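What follows is a single structure, written as structure tokens, with notes after it.
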Amino acid sequence: MASLFRFKRFSLSNERAALKVGTDAVLLGSAMSLRAQAGQRLLDIGTGGGVIALMAAQRLCDLGADACRIDAVELDGPSAQEASENFARSPWAGSLECIWADFRDFAATASSYDHIFSNPPFYDNSLLNPDPRKAPARHTRTLSYREICAFCATNLAPQGRLSLVLPYEQREELLRCAASFGLYPFRLMSIKTTERKPFRRLIAEFSFTRTQVEEQTLVLQDGDRRSAAYSELTRDFYL
């Protein structure tokens, strides 16, 4: 394969997906709060080449959560095809399915999920990417966290969870939006590249229950290498 991204226990083709495997996806796949509950149904919104869904499948297997199902919806045709192929080659092929569809069409007939996660497009006002395939993956014109929260209001199970990764500067707007749909944070991880730089990303996790929020911070680099905390977080994935 011309472009293959290798993790410890699976590899995925990374050639046709509109956006390649990146740090945001690996952070969410490694850090989101998964439960050792058999028979769960999970949904990855905007799966791209499928990396977050594959990471979730590996973690659920390690937790002993048998008979779980992960649906992964993707708008871009070549990305969806590549994700399907990546799923089929993985050790968890029987648990994963990629659905090629516009999320809005998918949402109209979707059922309930125990955990919904997404690395959604997040550029609201910036100029559209000139690449017609990359623009939907990066800009909220085709999907926004607001739509994801609205979907969760009706399609997330009562004890379900929502996990998102977004730019840190969208934190307060995200929390307000989620609350308007009855979703409340239980964990917020603020992420910066180095100790001296400002926070750049936020992993935010929500449920329908008001609870004390677990606040965490993560620094990705220590000098020219991964920090000890980032290495520990991703130790089951990065070679």
Side-chain angles (χ1 to χ4, degrees), residues 23-35 37 40-48 52-53 55-56 59 70-75 101-126 136-192 198-219 233:
T23 302
D24 288 359
V26 172
L27 281 168
L28 184 60
S30 300
M32 63 182 174
S33 304
L34 296 178
R35 291 174 288 191
Q37 176 184 331
Q40 298 174 77
R41 295 196 66 203
L42 297 88
L43 176 65
D44 181 7
I45 300 174
T47 196
I52 305 175
M55 294 174 76
R59 291 181 58 200
I70 303 175
D71 292 335
V73 63
E74 173 56 45
L75 169 67
D102 185 309
F103 176 67
R104 291 159 185 165
D105 295 333
F106 169 83
T109 59
S111 56
S112 177
Y113 289 93
D114 300 292
H115 195 152
I116 295 170
F117 53 89
S118 181
N119 174 17
F122 50 71
Y123 292 123
D124 276 322
N125 301 314
S126 58
R138 290 178 172 169
H139 296 264
T140 60
R141 186 176 65 174
T142 54
L143 177 65
S144 70
Y145 65 77
R146 300 168 191 86
E147 290 176 275
I148 294 172
C149 289
F151 175 80
C152 287
T154 56
N155 294 84
L156 187 64
Q159 303 303 317
R161 294 176 172 182
L162 168 65
S163 303
L164 301 171
V165 57
L166 286 165
Y168 183 80
E169 57 265 27
Q170 295 185 5
R171 171 180 166 135
E172 296 309 315
E173 183 183 350
L174 169 64
L175 295 180
R176 285 193 295 271
C177 174
S180 72
F181 291 101
L183 293 161
Y184 304 100
F186 66 87
R187 181 168 175 250
L188 298 171
M189 177 184 281
S190 303
I191 301 161
K192 59 174 73 176
F199 290 116
R200 299 296 301 273
R201 290 290 183 267
L202 175 74
I203 291 177
E205 299 195 283
F206 300 90
S207 72
F208 292 121
T209 303
R210 292 180 184 266
T211 186
Q212 183 172 349
V213 180
E214 180 183 0
E215 294 262 11
Q216 299 175 317
T217 61
L218 176 67
V219 179
L233 179 66

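Here the structure is a predicted model, which means the values were calculated and not measured.
Partners of F151 according to the ring pair (Phe, Tyr, Trp, His ring centres under 6.0 Å) rule, which considers only residues two or more places apart in sequence or in another chain, are F103. Contacts of D71 classified as salt bridge (charged side-chain N to carboxylate O under 4.0 Å, His left out), with partners at least two apart in sequence or in another chain: R41, R69. Taking R200 as the reference, nothing meets the salt bridge (charged side-chain N to carboxylate O under 4.0 Å, His left out) condition, with sequence neighbours excluded. With sequence neighbours excluded, the residues satisfying side-chain contact (heavy atoms from CB on, under 4.5 Å) with A25 are V51, I52, N119. A search for salt bridge (charged side-chain N to carboxylate O under 4.0 Å, His left out) contacts involving R210 returns nothing, not counting sequence neighbours.
For the pair L175/L188, a side-chain contact is recorded, criterion being any heavy-atom separation below 4.5 Å from C-beta on. Using a 4.5 Å heavy-atom threshold, the side chains of F117 and L34 count as separate. Side-chain contact between K192 and T217 is absent, with no heavy-atom pair separated by less than 4.5 Å. Side-chain contact between R59 and M32: present, with at least one pair of heavy atoms (C-beta onward) separated by less than 4.5 Å. Put simply, the side chain of I203 does not reach to within 4.5 Å of the side chain of L218, judged on heavy atoms.
Rounding to the nearest 0.5 Å gives a distance of 6.0 Å between CG of L174 and OH of Y145. With rounding to the nearest 0.5 Å, the separation of CG in L28 from CG in L164 is 7.5 Å. The line from OG of S207 to CG of L156 is 8.5 Å long, rounded to the nearest 0.5 Å. Note that the OG atom of S163 and the CE atom of M189 stand 11.0 Å from one another [nearest 0.5 Å]. A distance of 5.0 Å separates CG of L43 from OH of Y113, quoted to the nearest 0.5 Å. Here CG of N155 is found 9.5 Å from OG1 of T109. Values are rounded to the nearest 0.5 Å.
Taking every heavy atom of both residues into account, D114 and A157 meet most closely at OD1-CB, 3.8 Å. In terms of heavy atoms, G29 sits closest to M55 at C-CE, 3.7 Å. Closest non-hydrogen pair, F208 versus C152, comes out as CZ-O, 3.4 Å. Minimum heavy-atom separation, P185 to F206: N-CD2, 3.5 Å. Considering all non-hydrogen atoms of both residues, V73 and A101 come closest at CG2-O, 3.7 Å. Contact between I70 and A53 at its shortest, heavy atoms only, is CD1-O, 3.6 Å.
No more than 12 heavy-atom neighbours from other residues, nucleotides or ligands sit within 6.0 angstrom of CD on Q159.
Between R35 and E205, no side-chain nitrogen of the basic residue sits less than 4.0 Å from a carboxylate oxygen of the acidic one, so the salt-bridge criterion is not met.
Of the possible donor and acceptor atoms, none in the side chain of R187 sits under 3.5 Å from a partner among the backbone N and O of Q216. Side-chain atoms of R171 never come within 3.5 Å of backbone atoms of L202 as a donor-acceptor pair (strictly under, hydrogens ignored).
Each ring pair (Phe, Tyr, Trp, His ring centres under 6.0 Å) pair with one or both residues in residues 152-191, not counting sequence neighbours, appears once here: Y168-F199.
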